[in-house]
Asker: 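Input: one structure, supplied below.
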Amino acid sequence: MSKIHVVTDSGSDLPLEVQKRLGIRVVPLTVQFADEIFKDGEEISTTQFYERLQTSGVMPSTCQPSPADFARVFEEVAEPGDTIISVHISSKMSGTYQSSVLASTMLDSSITVHNIDTKAASLGAGMVAIVAAEAIQAGLELDEVLATVQNTIEQLAVYFVVDTLEYLKKNGRIALAAALFGTLLNIKPVLTLDDGQVAPFEKIRGKSKALKRLQELLGEMKEAYPDQKFRVGISHSNSLEEANSLAKRLQEHPEVDGEILISFIGPTIGVHTGPGTIALFAYPI
Amino acid sequence: MDVITGLTLKNMLLVAAHNLDQQKDMVNALNVFPVPDGDTGTNMSLTLNAAVKELERTDSTEIRRLTSLLARGSLMGARGNSGVILSQFFRGFSEGLAQVTDVATGEDLARAFTMSSKTTYRAVMKPVEGTMLTVGRVAGEEAEKVAEAGGNAYEVVLAALKGAQKALADTPNILPVLKEAGVVDAGGQGLVCIFEGLVTGLTATPEEVTEILSQQAVPLVDTEFGKVATEVSVNKYCTEFIILGEGINPDWLRQELESKGDSMIVVGDGDVVKVHLHTDHPGEVLDFCGALGELTEIAIDNMRLQNQEYEEHEKNHSLSLSEGTNVVGFPQSAPEPLEPPKNVGVVAVVPGEGLADIFRSLGVDYIVPGGQTMNPSTEDLVKAVENCNAESVVILPNNKNVIFSAQQVKELVDKEVVVVPTRSTPQGISALMYFVPDDSLEDNLAAMEEGMRDVKTGEVTFAVRSTVAGDLQIEERDIIGLAEGKIAVVGSNPSMVAMDLLATMVDEDSSVISIYYGADQEPEQAEELDNLVQEQYPQCEVEIYSGGQPLYYYIVSVE
């Protein structure tokens with residue numbers, strides 16, 4: 001009997017435990033410090049990565065997996081007649097989605113690939129992959145799984161606070177004008193994703209105030225979706241303590257469904273946000 | 001030709017419009033007053049064409065119906081000074097024939113031409129003789145003479161044409177600028193073209209009318225440019241628009257606008273009013289008239305620039321010809337500013353260079369130095385707002401003594417201005433956290449007023465005289481700490497007073513403490529204070545900046 005599989009890329013920051021539990025296969029992007037190239041999560045750990053990021057003085061770059069990388073994984077994962085849902089970080093931020101689309105055309109025609117542009121990144125894309133895998137486990141038909149996935153993408157809210165805009169600016173992931181915000185004051189901008197691109201949301205003075213604001217934003221989401229529960233995820237780059245304390249405060253909201261998933265922002269996304277980033281993802285169920 | 005029918009009148013007007021259209025380049029070439037924009041013929045022709053389009057759309061042959069359509073069509077289509085006057089000419093014409101249904105006699109037509117002239121004079125604030133006004137008046141007078149002598153319709157219209165031609169030839173004798181330029185008045189010439197068309201249309205058979213209307217305009221090849229008139233309107237902007245309102249009295253509006261400029265024409269029927277004037281303050285005029293109804297067809301041209309462009313063009317005339325470029329049109333638009341104007345700009349009153357840098361980094365366009373003990377004048381603020389490259393401007397007074405003068409600015413500038421009533425520099429900074437240049441002025445005002453409340457302000461300065469504040473006995477030169485503008489603590493050392501002051505301001509919800517030290521404080525002293533505050537409030541992020549403000553040792557904020 002034919003099966004549906006979920007594949008994602010390392011930009012979705014799925015914890016290893018979740019990958020294993022739900023059988024989601026992760027294709028790594030590569031991170032490059034000068035001449036050294038590492039496969040995200042395989043050849044460089046997140047801890048090693050942040051240490052290098054802060055000490056090496058070289059601005060690393062990331063590179064999408066090649067279509068051949070994807071094609072190889074697709075063929076490993078799927079038997080002829082199977083279907084793959086390939087879930088990716090925003091196509092506006094990375095060529096990963098495009099690479100996966102190209103790979104789909106290189107396959108034995110008996111394997112069908114549905115490429116999903118989540119228009120999100122980090123655990124935002126990761127949560128979409130989880131939604132897909134859980135729907136498959138629940139025995140939903142392919143079209144129902146895809147509909148659930150699309151619905152999640154549309155309703156997913158993403159807000160994040162960075163310690164500094166430097167990394168986003170250097171990597172060209174945010175418009176220069178927006179990056180100039182408050183260069184003289186210690187401003188912690190709250191950012192969001194607008195149609196798959198980083199966009200400034202609010203300027204806040206001080207990290208703790210900005211984190212409080214994330215909590216308020218979940219409250220505002222509740223107004224938009226009254227009587228609904230929320231799945232919430234938090235990802236962070238080397239700021240476990242802040243992520244835990246935010247999770248603890250959010251967990252008190254009765255509308256939060258289940259346990260809040262916390263994950264580490266890996267090198268793929270960490271290159272762009274820098275250390276000290278806290279991101280909040282939520283969608284109504 | 002004793003009387004004319006509605007159908008004949010329609011043909012007369014169609015032929016008149018056609019004749020003017022054919023001759024408009026010749027009329028354009030005469031256009032030397034008051035600005036050399038060279039489009040009197042075009043403007044009159046477009047105005048009349050808009051009017052006769054209304055006639056072409058109707059099957060009615062009732063004279064009063066036709067003339068009323070003519071009047072309305074010309075008013076809506078009126079372009080330029082001459083076009084507006086022409087529209088009034090037809091409005092008077094329509095009024096003169098308001099009781100006439102099937103056929104118009106010579107007497108009816110003479111009355112209509114007289115009314116036409118009277119209406120044009122009424123529409124202009126200061127009628128100038130030697131222009132199309134005079135041409136229309138003499139045409140009416142000659143028509144009346146023939147009608148009184150019992151002349152028929154044809155004789156009356158012919159008399160009007162002859163009167164118009166005579167008056168046109170006389171215009172250089174009345175207006176020296178015309179004589180100097182060696183031309184007749186352009187608007188008057190346009191009117192003569194119309195009378196010529198009326199006469200032709202009256203005598204032509206329907207077949208002849210069809211043939212005339214099918215003729216193509218012959219491009220004018222031999223036209224020389226009229227020389228630039230030496231007189232240019234004293235006011236800079238030629239401003240034109242239509243007000244769609246209800247029951248607007250043009251006489252009243254004319255009086256209201258008289259002080260704002262010259263070359264004014266205000267015409268209309270109460271619901272549709274066309275305004276044309278030359279003014280240095282188009283914004284004020286638009287604001288005023290915008291309150292009376294919806295504004296439409298707004299056009300503002302800088303006449304001084306047009307004049308300069310004309311002179312430039314004259315200098316290069318032969319060159320242009322040899323290059324085969326179009327020498328008839330002049331660019332009409334003002335030069336582009338270096339940067340496109342912002343949607344919303346910000347002017348802030350800031351008391352020190354360090355604070356000014358912080359405000360600039362938050363997107364403030366224009367800093368007015370001032371604040372405590374050096375309140376800027378309303379004029380300073382007006383200049384700042386005018387220099388701000390934005391149509392809408394937010395003012396941050398950042399001091400309670402500046403709020404009122406900031407509010408006066410609204411009445412004194414052409415821009416839309418709002419004041420976010422910030423009473424301190426920290427309130428100003430807090431308000432700027434919510435400033436989004438692309439949002440509307442209203443949205444920014446609401447968000448910034450809300451945002452300014454996020455912060456508590458403290459100030460450390462010295463007492464200029466002895467006083468008692470509540471329980472506090474204060475001697476001259478004592479160091480005092482103010483929380484939200486009220487004396488809260490007193491002492492002898494600025495840093496210690498700052499610590500005592502913060503103790504009254506910080507609570508369990510506080511997360512950020514900012515310290516802006518003054519021009520007279522050494523950075524080392526400020527650093528010491530910074531350390532003390534960090535030790536005292538480990539739960540808060542403490543930030544210290546050079547504010548550069550005079551007289552105030554420290555400005556502190558807690559949020």
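Note on naming: letters A, B, ... go to the chains in the order of the sequence lines (proteins, then strands), and numbering restarts at 1 for each one.
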Asker: Is it the case that more than 12 heavy atoms not belonging to A:Lys119 sit under 6.0 Å from its NZ atom?
Answerer: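 Check fails, neighbour count at 12 or below.
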Asker: Please classify the contact between A:Lys212 and chain B as side chain, backbone, both or neither, with a heavy-atom cut-off of under 4.5 Å.
Answerer: side chain
Asker: I need the A:Lys209 NZ to B:Cys540 SG distance, nearest 0.5 Å.
Answerer: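 Answer rounded to 0.5 Å: 11.0 Å.
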Asker: CG of B:Asn493: more than 12 outside heavy atoms within 6.0 angstrom?
Answerer: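 For B:Asn493, atom CG is crowded (more than 12 foreign heavy atoms under 6.0 Å).
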Asker: How about CG on B:Asp507, more than 12 heavy atoms from neighbouring residues, nucleotides or ligands closer than 6.0 Å, or not?
Answerer: yes
Asker: Should we count CD of B:Glu391 as having more than 12 external heavy atoms under 6.0 Å?
Answerer: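 Open.
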Asker: Check each atom of B:Tyr516 against the heavy atoms of chain A and say whether the ones under 4.5 Å are side chain, backbone, both or neither.
Answerer: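 For B:Tyr516, the side chain is the part near chain A, not the backbone.
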Asker: How long is the span from the CG atom in A:Leu211 to the OG atom in B:Ser511, to the nearest 0.5 Å?
Answerer: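 Atom-to-atom, A:Leu211:CG and B:Ser511:OG are 10.0 Å apart.
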Asker: Just wondering, are more than 12 heavy atoms of other shown residues or ligands nearer than 6.0 Å to CD in B:Gln539?
Answerer: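 Count over threshold, so yes.
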Asker: Which atom pair, heavy atoms only, marks the closest approach of B:Leu432 to A:Lys203?
Answerer: O-NZ, 3.4 Å
Asker: To the closest 0.5 Å, what do you measure between CG (B:Asp454) and CZ (A:Arg205)?
Answerer: 11.0 Å
Asker: Does the B:Glu543 side chain pair with the main chain of A:Leu185, one donor and one acceptor, at a distance under 3.5 Å?
Answerer: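 The answer is no, because no donor-acceptor pair under 3.5 Å joins these two groups.
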Asker: Do other residues, nucleotides or ligands put more than 12 heavy atoms under 6.0 Å from the CD atom of A:Gln32?
Answerer: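 Yes, enclosed.
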